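Encoded as structure tokens, the structure appears first; notes follow it.
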Amino acid sequence: MAARAVDLCVALLHEEPSVASVTRVLHEHGESGDLVLREGDVARMRAAAERLRDVLAAPDAGKAAELLNGLLAEAAHPPRLTSHGGTATWHVHVDSHDDAPWEEWFLASSAMAFAVLLADHQRVPGGLCASASCRRPYLDLGGGSPRRYCSARCATRERVAAHRSRTPTR
Ligand SMILES: [Zn+2]
């Protein structure tokens, strides 16, 4: 769930998020069938993604917890089980109902997923890529030292750039 939340954030925080790109991420994470997603939904989901990005950018677990508590108080509803009328296996939702707006579902379920991760690992559940040209949100699933980059690609690029800047030019 947290992986889906971050992948959606990445798609939504792109310069020009599209219905197609967001739909693709939803399908990649198991949403099946025809998704009715409109431009307005994407714009509202983007606003939610910006708030989730703030959680990942938090300096410490305490600040991230405070932000998550605010999001949960605003968007989450009592946990409930649904099978979407028998079309899916039983799973837990924290949005208000099966036809809740996309942005409500996205904000509530993502905040819940991040909160569970924070409680499991006692640290901010992710971060923003340390590469100034990237700044993409990433997930930190704990285990070992905290990550700094979204991907091996960004880590390598920054390492090469740092090496070049140390090498004297002749
Ligand atoms: Zn990156």
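These numbers come from a predicted model, not from an experiment. Read the numbers this way: they start at 1 and go in the same order the structure lists the ligands and their atoms.
- Atoms CG and CZ, on L68 and R51 in that order, are 11.0 Å from each other to the nearest 0.5 Å.
- Less than 2.8 Å away from the Zn ion (ligand 1), the protein contributes these N/O/S atoms: C129 SG, C134 SG, C150 SG, C154 SG.
- H93 and H77 are not linked by any side-chain donor-acceptor pair at a separation below 3.5 angstrom, with hydrogens and angles left out of the test.
- Side-chain atoms of R46 never come within 3.5 Å of backbone atoms of A49 as a donor-acceptor pair (strictly under, hydrogens ignored).
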Please tabulate, for the side chains in residues 8-17, all donor-acceptor contacts under 3.5 angstrom to protein atoms that are two or more places apart in sequence or on a different chain.
unit_1: H14; atom_1: ND1; unit_2: E16; atom_2: N; d: 3.3

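- Note on D98 versus R80: salt bridge recorded, some NZ/NE/NH1/NH2 to OD/OE distance being below 4.0 Å.
- Counting only heavy atoms from C-beta outward, the side chains of H91 and M1 never approach each other to under 4.5 Å.
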